[in-house]
K.L.:
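For reference, the structure I am asking about is given below.
Chain identifiers are assigned alphabetically (A, B, ...) following the order of the sequence lines, protein sequences preceding nucleic acid strands; residue numbering begins at 1 within each chain.
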Amino acid sequence: MTKIKNFVRNNQYTSILVGLLIAVLALFSALKGSAFWRIDLWKGMTMQFPEYACIALGLMFVFISGHHDMSQVLLGNFGAILAVQYMAANVTEGMANGQVAGIIFIGIGIALAIAVVGGLINFLLVSYLNVPPVMATIAMQMVWKGLSTALTKGYAVKGVPALYTTVGHTYIGGFLAVPVVIFLVLLVIAIFLLKFTTFGEKLYMIGTNKKAAKFSGINVHGMLAATYLLSAIFATIGVLIMVSTMGSAKADYGISYTTRAILILVLAGCIPDGGQGKISNILLSIVTVQIIATGINLFANLNTYYSSLIWGGMLIVVLIMSTQVGNRAPKKAKKVKKAPQNAA
Amino acid sequence: MAEEYLLQMTGIHKRFGGVHALDDVSFRVRPGKVMCLAGENGCGKSTLVKIISGVYTKDEGEVVFEGNTISKITPAEATRLGIQVIYQDLSIFPNLTVRENLAINSEITAGRKLVNRKRWDETARAALDKVGCDIDLDAKMGDLNVASKQLVAICRAMLFNAKLIIMDEPTTALTKKEVDALFETVRQLRDSGIAIMFISHKTDEIFEISDDVCIMRSGKNVYTGETKNLTRKQFTYYLTGRDIEDDYFVPKNISPEPVLEVKNLTIDHRVKDVSFDLRKGEILGITGLLGSGRTELALALFGLEKPTAGQIVLNGKPIRIKSPIAAQKLRIGYVPEDRLTEGLCLAQPIADNIALSSLKRLSKAFGVLKRKDVIDEGWKWQKTFSIKTDDVTKNASTLSGGNQQKIVLAKWLANDLDVLILNGPTVGVDVGAKQDIHALVHELANQGLAVIIISDDLPEVVVNCSRVIVMKEGAIVGEMTGDGITENAIAEIIA
């Protein structure tokens, strides 16, 4: 018991998240019972979360640096559209799998190249031209959406090679979804960067006080360039996973994922004020959000027309909570310290 | 009968969690007198002020104001009683004019919704008249210098019919001349019967202005009484709990060749044709008023200002310093003027702040960094500089000003440096920590570091520098060395 108590005291935020996760599980168990505890339902979840979890991981770097990136998903969509167009144009029927794989890789390469361009544009706007990040990236969001729409007339681009969708739908060993593997690779990269490199160290410091970091000889421009690049690349990988799920690419696929990524991060205590954010909390947050998403789908009368309302409402609640918890944190901390003294 | 004491506080206690911030503090304020509340940073001065102004609630103790016991002070109650606090940040609206800043409170209290320019004007003028100062009412508050902002804040306090004005370290950002003007105002207020509580840790000021003094140390008041019954030596002893002597810097080995030469350096109109050189082992003081170009000059040496003309020569080679990154490569370090915004990441651990400028050295290939190495580095400097903390993984914000400044110093000294530029190294630092920092800088210079101290704290310049350059309006107006460096000599040419 004392071990748990100590953990709770030292990791207040993590404890709140664990509590929330348990509450969510309990709620859906109570309401749906066995319909909620089905293996295929949970397997389905592992197929769904990686696409937006990758986007959230990308956004995490930006939030820690004290910045913002609203352009991610639509930038990814533009890259994905070019990629799918390339794949559709070059894959012919009866082609050997090896050849198709080669074309798929080139397609992925195209999408990632677009991500690099988009990330660098965001960086230039924000870091060199000092445009406020939210506005700069919202504007870029419109630019990418506009380019995609102009290119496709707003239609979905079909013709994704069967190999691409099949691999995307495969469960390795019958249980481990390929998208999960991709997510885990990105996760390991993120953990490595944040916890074991000077990049992570500098990122948190820049997010806390950019000016002090600059005065300490940190290359702030370079760091921000890397941050916006990571954001764009991680998000584009998320979109590429989505392409395999949907079997096509479209200007406005996954448009609600921007809000969902923000929800995940804010819920995990990673807010764009900068300097904050723990990967373990973000993982907990991703799991919780996916369970909520799946749980809501179990209710037939809560159809997709309400989903924006539900997610938007949740984001507002979480934002309010995070601001309030943030404001009250010092007082609470004092009370916690006081308790043992009274006991003694 | 008029009360002998305006405010009496007896046996005040305040605890924050396990910290006993105020431990049985008692003192009295007489009307028409200046009472100085002195103490090092973190001794509980601010907590005490916040109790008087109603921001914090006391745990125990008695507060008597004008003979009435006040059981619970709220901020509104404090204002009603006539207690006004002028905080260091002055609580002003920088984007509004002086007139608006002065009139806004009475407009709000009166619940007026419409703007009447004439009435605003009258309120503002009346406020200025009370203090007897003359400030352009149309000036934007943010454009005024600190001294004028302070006057406006005092005027605002007077609008509330203040009986007790508490000034929280009002002289920190003022030049000598401005301090004199402020003291003139304080005396005028005092003579009109208002009690002033003046918070400071500067010995000279306290002896100049105060009638009574209350000295605090670690949450207790160690001396209360009239200032005239106290010698300066006793005062310092009460303040720090130890005897402190001014320790003048004597350079031991100054290198024959200059390490840094600045030739005809010009930055727009802010720095004009400045030339000097700097040798290893010496501490060069650059002093001047705010706006004299001293900070711009320093920033140019650290790559944050671009010279429009002139040359910088380092170890005999002409160089261009494009950025702090370049400066660091050239082994130039800079401890900035504003510790909180430029020096520290307050919400990050002490160790990480210390390691920030030496991450390259601490890391292995591909920037791989071990958490343990950062923390070890933190402990190393914690010991070297005796930074007061029990855990270097605590946030920098948990430290007092002096200890925070030691972090900023450690951050740069963790690199191998040839030149160290200190801009206002002891601003907002208490006497004890100030002494520590000075001793440290002396030692570094004697080990062969070339040090520049930029400061307008004249005693600091006199005690620490082997050579002093005085700047005025962007140009060098005087240079003195050794025994020629005196406060009077500098004061004569500085303004």
K.L.:
Determine whether a donor-acceptor pair (N or O, by modelled atom type, separation under 3.5 Å) exists between the side chain of B:Ser357 and the backbone of A:Ser216.
P.N.:
yes
K.L.:
Do B:Leu356 and A:Ile218 touch side chain to side chain, with heavy atoms closer than 4.5 Å?
P.N.:
yes
K.L.:
Of all of B:Lys411, B:Gln348, B:Lys364, B:Lys360, which one pairs up most often with chain A through heavy atoms under 4.5 Å apart?
P.N.:
B:Gln348
K.L.:
For B:Gln328, which atoms come within 4.5 Å of any heavy atom of chain A: side chain, backbone, both, or neither?
P.N.:
side chain
K.L.:
Among the options A:Ile206, A:Asn219, A:Leu193, A:Thr208, pick out the one with the most heavy-atom pairs lying under 4.5 Å from chain B.
P.N.:
A:Thr208
K.L.:
For the pair A:Asn209 (side chain) and B:Glu342 (backbone), establish whether a donor and an acceptor sit closer than 3.5 Å, ignoring hydrogens and angles.
P.N.:
no
K.L.:
At a heavy-atom distance under 4.5 Å, which candidate from A:Lys202, A:Met205, A:Lys210 has the highest pair count against chain B?
P.N.:
A:Met205
K.L.:
Heavy-atom pairs under 4.5 Å with chain B: which of A:Gly217, A:Gly207, A:Gly200, A:Ala212 has the most?
P.N.:
A:Ala212
K.L.:
Less than 4.5 Å to any heavy atom of chain A: does that hold for the side chain of B:Leu362, its backbone, both, or neither?
P.N.:
neither
K.L.:
Using heavy-atom distances under 4.5 Å, tell me whether B:Ile332 contacts chain A through its side chain, its backbone, both, or neither.
P.N.:
neither
K.L.:
One pair to check against side-chain contact (heavy atoms from CB on, under 4.5 Å): A:Phe199 and B:Leu369. What are the steps and the verdict?
P.N.:
CA-CA 9 Å; A:Phe199 171 83; B:Leu369 182 70; over 6 Å; no
K.L.:
With a 4.5 angstrom heavy-atom cut-off, which part of B:Asp338 approaches chain A: side chain, backbone, both or neither?
P.N.:
neither
